[in-house]
Every structure is written in C-alpha cells, then in structure tokens.
Amino acid sequence: GVWRQTRALLFKNCLIKCRTKKSSVQEVLFPLFFLFWLILMSMMHPHRRYEEVANTNLGTLDTSQLVNFVVGYTPPTPMARQVMKKVASDNFEEGIITEEYLSEEELQEASALKPSNFVGVVFKDSMSYQLRFHDSFAVSSIYMESR
C-alpha cells in the first residue's frame, strides 16, 4: 500500500528531474548564484566596529546659544510629557521651551515656521524616538548595526 505508492511517486519525480535537466540545474544553481551575490555584497560593505569612548569631562554646557530654543514633541502621552519635563528642568534652567503637538503634521508645520531654533521629537514608543529638524530627521540609536 503506502510504501509502494511512495516508491512509485519517488521514481516518477526522479524520471521528471532526469528528463528536464535544464530546469533541474537551474533549481540548484540560481540559489547558489544568489548566495554568492549576497556574500559578495556583504564583503563590499563590511561591518564597522566603533571603539569605546573614554569617560571624559566635557565641561559645562554653553547655554547662551539655547536662549528661546523650542523643543516640540508628539504624541502628548504621559511618558512623553515626563521625559520632556525632565529634559527641560533638569538639564537647562532657562532657555528651553517645550511644546506638545497632537500629530506629526502639526510638528512639521511648527518646524517650518521657526526653523532656526526648533527641534521636534517624535516618540515612537517608550524606548525609541526620532529627532526632527527643519530639513531632515535623525534616528536615535545606541548601537550601530549593519544594513
């Protein structure tokens, strides 16, 4: 029963593979070609290793450039409010103004109106955010990973 059907099916598949040699070779060689191509591309763009930066005293922050500096953030969640309150109060006694916006579109409009002294912060979740400047954005990342 089952063994005879399995053996007949295997024999049929072997006959088909032997009769269609071109497609059988392609089935084997195409994945190997793409694997070689991926290895070659990864060798052209190797991983970069960054050395540790020693702990050094950077001195005091020059807050004269931060007068009337605006940091806008979205979405206005309790976590985002707490983080921005801590940034404004603990690090800078004066000069930093925090504003909350309901959406990224409102944040972009505010950035267009006052591009010289405005930075936007878009909180993606509780652990990640993006900094938005007038003409670009920067992704926060502690670890640099290879693309």
Side-chain angles (χ1 to χ4, degrees), residues 2 5-6 9-10 12-14 16-147:
V2 173
Q5 287 179 352
T6 305
L9 183 62
L10 287 173
K12 179 186 115 183
N13 287 340
C14 287
I16 290 173
K17 291 295 178 187
C18 290
R19 290 178 184 166
T20 58
K21 288 184 172 87
K22 183 179 178 183
S23 65
S24 299
V25 169
Q26 286 177 352
E27 285 180 12
V28 173
L29 290 183
F30 276 156
L32 291 176
F33 170 74
F34 289 123
L35 179 65
F36 170 75
W37 188 254
L38 286 173
I39 291 171
L40 183 66
M41 294 302 286
S42 69
M43 289 172 57
M44 290 174 63
H45 300 285
H47 296 286
R48 291 185 180 169
R49 302 277 183 220
Y50 296 98
E51 297 297 323
E52 283 185 16
V53 177
N55 289 335
T56 58
N57 185 5
L58 299 176
T60 60
L61 179 66
D62 181 18
T63 58
S64 64
Q65 295 181 358
L66 299 178
V67 175
N68 297 326
F69 196 76
V70 179
V71 179
Y73 63 95
T74 188
T77 61
M79 182 272 315
R81 286 186 187 107
Q82 181 182 0
V83 168
M84 296 310 292
K85 180 181 177 187
K86 188 163 186 69
V87 166
S89 65
D90 291 356
N91 297 327
F92 311 101
E93 290 78 25
E94 56 190 48
I96 297 274
I97 302 167
T98 58
E99 297 177 354
E100 64 181 44
Y101 295 95
L102 297 177
S103 66
E104 287 187 49
E105 290 78 22
E106 288 182 18
L107 186 73
Q108 288 175 347
E109 289 174 10
S111 174
L113 293 175
K114 40 192 166 190
S116 62
N117 62 345
F118 187 86
V119 173
V121 180
V122 179
F123 288 94
K124 296 298 180 186
D125 55 32
S126 63
M127 297 299 289
S128 64
Y129 61 90
Q130 287 182 336
L131 294 177
R132 298 286 175 107
F133 299 99
H134 176 61
D135 56 352
S136 65
F137 68 94
V139 179
S140 69
S141 176
I142 296 174
Y143 303 105
M144 300 298 291
E145 295 181 4
S146 171
R147 291 183 183 183

Quick check: closest heavy atoms across [X] and [Y], and the distance to 0.1 Å?
X	Y	result
T98	M84	CG2-O, 4.0 Å
P31	V28	CD-O, 3.5 Å
Y101	P76	O-CD, 3.3 Å
A80	P75	CB-O, 3.5 Å
L107	Y73	CD1-N, 4.0 Å
I16	T20	O-OG1, 2.7 Å

Exercise. Any idea how Y129 and F123 line up, ring-wise: parallel (<30°), tilted (30 to 60°), or perpendicular (>60°)?
Worked result: tilted

Problem set entry | Partners passing salt bridge (charged side-chain N to carboxylate O under 4.0 Å, His left out) against E104 (at least two apart in sequence or in another chain) | K124, R132

For this session: Provide the full list of salt bridge (Lys or Arg N to Asp or Glu O under 4.0 Å) pairs with a residue in residues 27-47, sequence neighbours left out, each pair given once.
Result: K17-E27

Seminar exercise, completed: One should read off an interatomic distance between Q130 CD and T74 OG1, to the nearest 0.5 angstrom, of 12.0 Å

All N/O donor-acceptor pairs, side-chain side in residues 37-44, below 3.5 Å, sequence neighbours left out:
| residue | atom | partner | partner atom | Å |
| --- | --- | --- | --- | --- |
| S42 | OG | L38 | O | 3.4 |
| S42 | OG | I39 | O | 2.8 |

